[in-house]
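Here's the structure, in structure tokens; my notes come after.
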Amino acid sequence: MKPSRSLRALIDDLNRNESIEGVATFYVHSSLYWQIDSMEQTNERMPWMLSMIILGIFVMIALMFKAPFLPLRLFFAVVIPIAFVYGVAVGIYVLGWLDWMEWASLHSGDGIIWMAPCVTITVLMGLALDYEIFLFSRVFEYRHKGYGTRASIVLAVANTGPIISAAGIVMAMAFFGMLLQCIVSSNQMGFLFVFGVLIDTFIVRPMLVPSILSLVDALNWWPNKVPMDNLLDEYGNIK
């Protein structure tokens with residue numbers, strides 16, 4: 001980074017020289033400098049972009065289900081698991097957790113490619129929210145039909161689990177091809193996709209989300225009115 005800035009400063013000084021002004025203009029032409037420019041602009045805009053995306057998605061989902069506290073749960077069910085995925089990627093590609101496998105696709109090197117988070121973050125959020133809405137909509141439906149919170153969660157997980165699991169396995173298998181290439185950027189993005197999808201499919205959706213939903217019944221739906229008396233269990237019997 002410093003050598004590139006020094007070279008550009010030198011070129012700018014030459015262009016400002018009065019002896020060559022209007023006669024010649026010097027430029028720096030290199031793909032390396034294009035990547036440096038892209039990386040700097042990405043680092044500058046990425047936090048704002050993510051903040052706007054997360055805020056927009058949370059507001060949209062809160063309006064969809066008319067539940068203002070729903071985005072708070074989404075933070076623990078979507079944002080934190082995705083942050084965990086990137087943390088594991090740092091452990092593998094920076095700290096060398098899996099170097100003992102002698103597999104080049106999961107071997108540590110000079111760090112994570114700067115464009116990997118940019119390309120993967122929106123896809124991972126989209127997949128996580130897709131599964132989240134699919135599951136929560138069924139819980140929402142059963143709860144409004146008079147089932148208790150526990151019964152609604154059990155029935156929703158039982159009905160959506162096979163579909164979500166099958167979809168997650170298909171997505172992971174599709175992304176796994178990126179780990180079979182001899183390109184570092186593809187390997188890292190492939191790992192983020194595969195690990196992120198599997199974590200979301202087999203840990204977040206069947207375990208973390210039901211656990212959070214079961215903590216507080218009223219705040220899951222407030223200010224919506226849900227049945228509170230003569231609630232049904234998962235077998236359709238009044239408790």
Inset, instruction - Please assess Thr149 against Leu213 for the test side chain to side chain contact (heavy atoms under 4.5 Å, CB included), listing each intermediate value before the final yes or no. - result: CA-CA 8 Å; Thr149 299; Leu213 283 174; 5.5 Å; no
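- Residues Phe193 and Leu124 have side chains in contact (heavy-atom distance under 4.5 Å, counting atoms from C-beta outward).
- The CZ atom of Phe58 sits 13.5 Å away from the CG atom of Leu63 when rounded to the nearest 0.5 Å.
- For the pair Val154 and Glu234, the tightest heavy-atom approach, listed with the atom from each and the gap, is CG1-CB, 4.2 Å.
- By the criterion of side-chain heavy atoms lying less than 4.5 angstrom apart, applied directly or through intervening Ile, Leu, Val, Met, Phe, Trp or Tyr residues, Trp97 is grouped together with Met101 in one hydrophobic cluster.
- Residues Ile61 and Leu129 form a side-chain contact, since some pair of their non-hydrogen atoms from C-beta on lies under 4.5 Å apart.
- Under the 4.5 Å side-chain heavy-atom criterion for ILVMFWY residues, a single connected hydrophobic cluster contains both Ile133 and Ile163.
- Classification of the Phe140-Phe65 ring pair by plane angle, with boundaries at 30° and 60°, yields perpendicular.
- By the 4.5 Å heavy-atom criterion applied to side chains, Thr201 and Tyr131 are counted as neighbours.
- Heavy atoms only, all atoms of each residue included: Phe76 and Leu208 are closest at O-CD2, 3.5 Å.
- Under the ring pair (Phe, Tyr, Trp, His ring centres under 6.0 Å) criterion, Trp222 pairs with Phe69, sequence neighbours left out.
- Residues that satisfy the salt bridge (Lys or Arg N to Asp or Glu O under 4.0 Å) test with Glu141, not counting sequence neighbours, are Arg138, Lys145.
- For the pair Phe202/Ile164, no side-chain contact is recorded, criterion being any heavy-atom separation below 4.5 Å from C-beta on.
- Note that the CD atom of Gln188 and the CE atom of Met115 stand 10.5 Å from one another [nearest 0.5 Å].
- The two residues Leu74 and Glu132 come nearest to each other via the heavy atoms CD2-CG, 3.4 Å.
- For residues 163-176, no residue pair satisfies the side-chain hydrogen bond (donor to acceptor under 3.5 Å, both in side chains) rule, not counting sequence neighbours.
- With a 4.5 Å cut-off on side-chain heavy atoms, Ile121 and Ile82 count as touching.
- Phe191 and Trp100 end up in the same hydrophobic cluster when Ile, Leu, Val, Met, Phe, Trp and Tyr side chains are linked at under 4.5 Å.
- Looking at every heavy atom in both residues, Gly148 comes nearest to Arg143 through C-CD, 4.1 Å.
- The side-chain tip of Arg73 points at the ring of Phe136 from less than 6.0 angstrom away and within 45° of straight on.
- In summary, the side chains of Tyr86 and Thr120 do present a donor paired with an acceptor at a separation below 3.5 Å, with no hydrogens or angles considered.
- Here Asn43 pairs with nothing under the side chain to side chain donor-acceptor pair (under 3.5 Å) rule; sequence neighbours left out.
- With no hydrogens or angles considered, a side-chain donor-acceptor pair links Tyr142 and Asn159 at under 3.5 Å.
- Counting only heavy atoms from C-beta outward, the side chains of Leu70 and Asn220 never approach each other to under 4.5 Å.
- The salt bridge (Lys or Arg N to Asp or Glu O under 4.0 Å) check on Lys66 picks up nothing, with sequence neighbours excluded.
- The CE atom of Met207 sits 12.5 Å away from the CD1 atom of Ile212 when rounded to the nearest 0.5 Å.
- Other residues, nucleotides and ligands contribute over 12 non-hydrogen atoms within 6.0 Å of the CE atom of Met60.
- The two atoms that bring Arg205 and Pro210 nearest to each other are O-CD, 3.1 Å, heavy atoms only.
- In the hydrophobic clustering (ILVMFWY side chains linked at under 4.5 Å, chained through shared members), Val170 stands by itself.
- Ile169 and Ile199 fall within a single hydrophobic cluster, where Ile, Leu, Val, Met, Phe, Trp and Tyr side chains are chained together by heavy-atom contacts under 4.5 Å.
- Separating the CG atom in Leu179 from the OG atom in Ser105 is a distance of 5.5 Å, to the nearest 0.5 Å.
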- prompt: Does the side chain to side chain contact (heavy atoms under 4.5 Å, CB included) test come out yes or no for Met125 and Ile54, once each step is laid out?
  reply: CA-CA 9 Å; Met125 287 193 65; Ile54 293 173; 3.6 Å; yes
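- Looking only at side-chain heavy atoms (C-beta outward), Ser214 and Ile153 come within less than 4.5 Å of each other.
- Considering CE of Met178 and CG of Leu192, their distance stands at 9.0 Å, rounded to 0.5 Å.
- With Glu102 contributing its side chain and His107 its backbone, the two residues share no donor-acceptor pair below 3.5 Å.
- Nearest heavy atom pair, residue Cys118 against residue Thr42, reads SG-CG2, 3.1 Å.
- Cluster annotation: Leu215 and Val226 are assigned to distinct hydrophobic clusters (Ile/Leu/Val/Met/Phe/Trp/Tyr, side-chain heavy-atom contacts under 4.5 Å, transitive).
- Side chains of Tyr93 and Leu106 form a contact here, defined as non-hydrogen atoms less than 4.5 Å apart.
- Ile113 contributes atom CD1, which lies 6.0 Å from atom OG of Ser185 (distance to the nearest 0.5 angstrom).
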